[in-house]
Amino acid sequence: MLIKELDIPEDIIRFYEDSGIKELYPPQAEAVDNGLLEGKNLLAAIPTASGKTLLAELAMLKAIRNGGKALYIVPLRALASEKFDRFRELAPFGIKVGISTGDFDSRDEWLGANDIIVATSEKTDSLLRNGTSWMEEITTIVVDEVHLLDSKNRGPTLEVTITKLMRLNPDCQIIALSATVGNAREMADWLEASLVLSEWRPTDLHEGVFFGEAINFLGKQKKIERRDKDNATNLVLDTISEGGQCLVFESSRRNCTGFAKTSSNKVVKLLDREILGKLAVMAEEVESTGETDTAKVLANCIRKGVAFHHAGLNSSHRKIVEDGFRQNLIKVISSTPTLAAGLNLPARRVIVRNYRRFDANFGMQPIPVLEYKQMAGRAGRPHLDPYGESVLLAKEYAEFEQLLENYVEADAEDIWSKLGTENALRTHVLSTIVNGFASDRKQMMEFMGSTFFAFQQDTWSLEEVIDDCIEYLAEHEMVVKDESHDPISLSSTQLGKLVSMLYIDPMSGAKIVDGLKKAVNVNDMTLLHLVCSTPDMRQLYMRSADYARVNDFVMSHSDDFIEIPNEFKAIDYEWFLGEVKTAMLLDEWIREIPADDITQHFNVGEGDIHALADTAEWLMHATTKLAELLKVEHSSHAHGLEKRIHYGASPELMQLVSIRGVGRVRARKLYEAGFVSLAELKKAEYSVLSKLVGPKVAANILSNIGVRVKDKVGKSTPINSNTLDTLLDKEQKTFSDFQ
DNA sequence: TTCTGTTGACTGTAGACAGCATGTC
DNA sequence: CTACAGTCAACAGAA
């Protein structure tokens, strides 16, 4: 099917043809045949890179031309900005695009004034909770990666959000995009959508298992030269010799860095001088952004053409690794599942070095087929690689046969709704009441009766769980139920409304409220621990070496905690210690302990510190608001901590740190040099600042606090005025980007 | 003596969404 | 409460 045959406006056809797209891929054509452009609901269960985005685009453009508005829901922030950037290329058609995620709102006067809005599923839910008016104007909803419905943590939110949207806009077109899964038909039926099911890919994918010196594909073998005792390394070397890149998936961070280290010593021998030179530059960049051990190790690996990638890396390191791989300078990334979904980073060959992963409940477990298929699907860069290969490794013949059968030849599992537990439902039962989707028990059951869970499984068990949730919410004064009515009427309290809007688990809300009421003498640690004790906070794991240290801390700070569980209740106490350990990390963070030290004290990466601080800041914000509502005195204390967690700094730096371009480290330098406030800083000489933080940063800081830099520069140390101009230009640009 | 391989005890285990108001090193 | 892989030290046997 050709683009020009489609029932879409001329200019749009020309746009695609100009960008080299003349013909639709088979699954796309099938979608069109199924009424994609006539507003019909559609579920496309097709591989990544088989043109899902274009499919969604066509439908959105068509709808917008007819006066519609589209919402594009994604599971990850990174994906949201990727799509946002892509859709902004549609600007020539007068299409306005907005983005809304937890850490990034586009500065459009009103998000709803856009034609396409990209948002994460949680953000969408949050927008719904806050009664965003334009939600009712949405005519086309695209749900990317719907198979995430199966995820224990985040599936329920996606499910309820879709249900709410369908309820709100019954005539709305829904386009759901999914990986190939077992029960795609069932999901399509729930969505009242037609189904496009296909394994078609623009680049061939060969899946195989390595055993006995060769990759065994279905029906053929490929011998791999043995240059090292490690098979995965041999596979990597083979790929590079053939001019490809490799993605290696590992089960733990340690293995990740371990493989990068050992394999890099072999890889380096295959690289020429030119590449090594560029890699060295990249390595230096890594080292300049931190003196942590991981930075050094990563830099050393990158010098040899290999990198590792996991959530412990800080964001700049992650970006360097991703970009370096895209530029084909880094030949191998050894990664945890961070790269399995999400980011678009394909490679010639994917090696699944470890198909088992640790689960706290069941020990080492083989990963689901769906997950394997997602990793394998990363193999083969469209239009760049002749084909893609994915390889599992077997140690024995029995294992080899098993892997072939259970992964290569297997079909992905069915998707099962995870909505049916109290933990998953609590927050959604509350928001359903707050938002008026249900004002009595019967309506609640009706609403929940239209979820995928109810579609898929018996509803009687669901009703029981919902009643438990209502009971919990009533007990904690978030919901009032009036049993004199039939059906029992449900309404929300001020507390319930606030908890719903803050987007925290009602259990977190209850814990914080309870803690605030009980707390007697409150200091930083008290509130930090309170926040760390909520289910929304991911606590640190206690390692054997931690017990003594954390326990000592508890003993010497026993007055700081609102409640200390009995030491003989081993499980409770163990949990408590984990919470305290987490609070201790945050405490070091806000006391300006260098990030390098924190990573060592707690055996975490820089990325973990930021992730924890991010969550803590959000929960501390909730604490501030809850304290305000309760009219207890700790609200301003919590507010202060919220800011300190944001910047990771002491109270006396708050003024300096609010200046753009000044973080915890620079603020401390300025403070120690006597510039303790904004007023002091305004009086500062450029030359002095320049010595302190470097010429560029100094100029940047001065311009950011409204001091005319050029005057000051003119008088003191001459600085290349070109540098300064470009600097200021750049500043202007980044600023207007967000206007 | 030095190198290499085996055994057994011990240890540690992936990721990432949300509020609010603007910008780390 | 589960189970595995990687690491390290101690030691035996080969070179």
Side-chain angles (χ1 to χ4, degrees), chain A residues 74-78 80 100-105 107 119-127 129-130 148 151 153-154 157-158 249-256 258-259 288-291 310-312 314-316 335-342 353-354 356-367 371 395 427 498 501-505 508 536 538 541-545 571 594-595 603 606-608 610-615 617-625 639 642-643 646-649 657-667 669 693-694 697 700 704 731 734-735 737-738:
Chain A
V74 291
L76 299 171
R77 294 172 185 172
S100 181
T101 68
D103 64 352
F104 194 97
D105 267 323
R107 274 304 166 93
T120 54
S121 44
E122 283 77 8
K123 188 65 187 194
T124 307
D125 187 22
S126 170
L127 290 167
R129 288 179 183 212
N130 291 295
L148 254 78
S151 146
N153 308 320
R154 304 186 48 208
T157 304
L158 181 59
F249 286 107
E250 290 279 6
S251 63
S252 73
R253 293 181 184 182
R254 205 177 51 174
N255 293 352
C256 223
F259 182 74
S288 74
T289 52
E291 274 138 42
H310 57 67
N314 69 30
S315 49
S316 51
S335 151
T336 56
T338 4
L339 290 182
R353 195 148 174 268
N354 210 321
R356 276 190 263 254
R357 197 164 38 253
F358 181 78
D359 180 302
N361 298 314
F362 305 102
M364 289 307 251
Q365 282 266 311
I367 56 168
E371 220 175 301
K395 285 179 223 59
T427 184
L498 182 58
M501 280 172 59
L502 290 170
Y503 210 79
I504 56 176
D505 183 336
S508 297
D536 278 311
R538 199 211 60 184
Y541 172 86
M542 287 292 284
R543 300 179 321 138
S544 46
I571 296 173
N603 194 35
E606 274 187 279
D608 299 302
H610 289 118
L612 286 166
D614 207 40
T615 314
E617 188 192 344
W618 162 54
L619 290 167
M620 196 57 82
H621 173 78
T623 308
T624 309
K625 295 289 178 184
H639 184 66
E642 184 189 339
K643 277 173 64 184
H646 181 85
Y647 295 109
V657 103
S658 63
I659 302 165
R660 245 176 81 194
V662 180
R664 65 196 306 240
V665 175
R666 287 172 186 164
K669 270 190 197 161
V693 291
V697 177
N700 193 359
N704 284 340
E731 224 31 70
T734 39
F735 185 66
D737 257 10
F738 288 86

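Residue numbers start from 1 in every chain, and the chains themselves are labelled A, B, ... in the order their sequence lines are given, proteins ahead of strands.
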Exercise for the section: Please identify each residue that fulfils side-chain hydrogen bond (donor to acceptor under 3.5 Å, both in side chains) with A:Tyr647, with sequence neighbours left out. Expected result: none

Where do N or O atoms of nucleotides 18-21 of chain B meet protein N or O atoms at under 3.5 Å, pair by pair?
{"from": "B:dA18", "atom 1": "OP1", "to": "A:Gly102", "atom 2": "N", "distance (Å)": "2.7"}
{"from": "B:dA18", "atom 1": "OP1", "to": "A:Thr120", "atom 2": "OG1", "distance (Å)": "2.6"}
{"from": "B:dA18", "atom 1": "OP2", "to": "A:Arg77", "atom 2": "NE", "distance (Å)": "2.9"}
{"from": "B:dA18", "atom 1": "OP2", "to": "A:Arg77", "atom 2": "NH2", "distance (Å)": "3.1"}
{"from": "B:dA18", "atom 1": "OP2", "to": "A:Gly102", "atom 2": "N", "distance (Å)": "3.3"}
{"from": "B:dA18", "atom 1": "N6", "to": "A:Thr615", "atom 2": "OG1", "distance (Å)": "3.4"}
{"from": "B:dG19", "atom 1": "OP1", "to": "A:Ser126", "atom 2": "OG", "distance (Å)": "2.6"}
{"from": "B:dG19", "atom 1": "OP2", "to": "A:Lys123", "atom 2": "NZ", "distance (Å)": "3.3"}
{"from": "B:dG19", "atom 1": "N2", "to": "A:His621", "atom 2": "ND1", "distance (Å)": "3.3"}
{"from": "B:dG19", "atom 1": "N2", "to": "A:Glu642", "atom 2": "OE2", "distance (Å)": "2.5"}

Exercise for the section: Could you check which of B:dG12, B:dA14, B:dG23 has an atom nearest any side-chain atom of A:Ser544? Expected result: B:dG12

Problem - Contacts of type side-chain hydrogen bond (donor to acceptor under 3.5 Å, both in side chains), residue A:Ser335, not counting sequence neighbours - result: none

Practice task
Could you give me the stems involving DNA chain B, meaning stretches of three or more consecutive Watson-Crick or G-U wobble pairs whose two defining distances are both below 3.5 Å?
Solution key: B:1-13 with C:3-15

Completion exercise
Sorted by chain and number, sequence neighbours left out, side-chain hydrogen bond (donor to acceptor under 3.5 Å, both in side chains) with A:Asn361 holds for none

Problem - Counterpart residues, salt bridge (Lys or Arg N to Asp or Glu O under 4.0 Å), relative to A:Asp536 (two or more places apart) - result: none

Problem - Range on DNA chain C touched by chain A - first to last nucleotide, heavy-atom distance under 4.0 Å - result: C:dC1 to C:dG6

Practice task
Check side chain to side chain contact (heavy atoms under 4.5 Å, CB included) between A:Lys625 and all other residues, then give those that pass, not counting sequence neighbours.
Solution key: A:Leu498, A:Leu502, A:His621, A:Glu628

Exercise for the section: For A:Ser151, enumerate each residue passing the side chain to side chain contact (heavy atoms under 4.5 Å, CB included) test, keeping only those at least two apart in sequence or located in another chain. Expected result: A:Asn153, A:Arg154

Problem - Counterpart residues, side-chain hydrogen bond (donor to acceptor under 3.5 Å, both in side chains), relative to A:Thr427 (two or more places apart) - result: A:Arg129

Exercise for the section: Please identify each residue that fulfils salt bridge (Lys or Arg N to Asp or Glu O under 4.0 Å) with A:Glu606, with sequence neighbours left out. Expected result: none

Sort me out a list of protein N/O and nucleotides 5-8 of chain B N/O pairs below 3.5 Å, or just none if empty.
none

Problem - Heavy-atom side-chain contact between A:Glu250 and A:Phe259 under 4.5 Å - result: yes

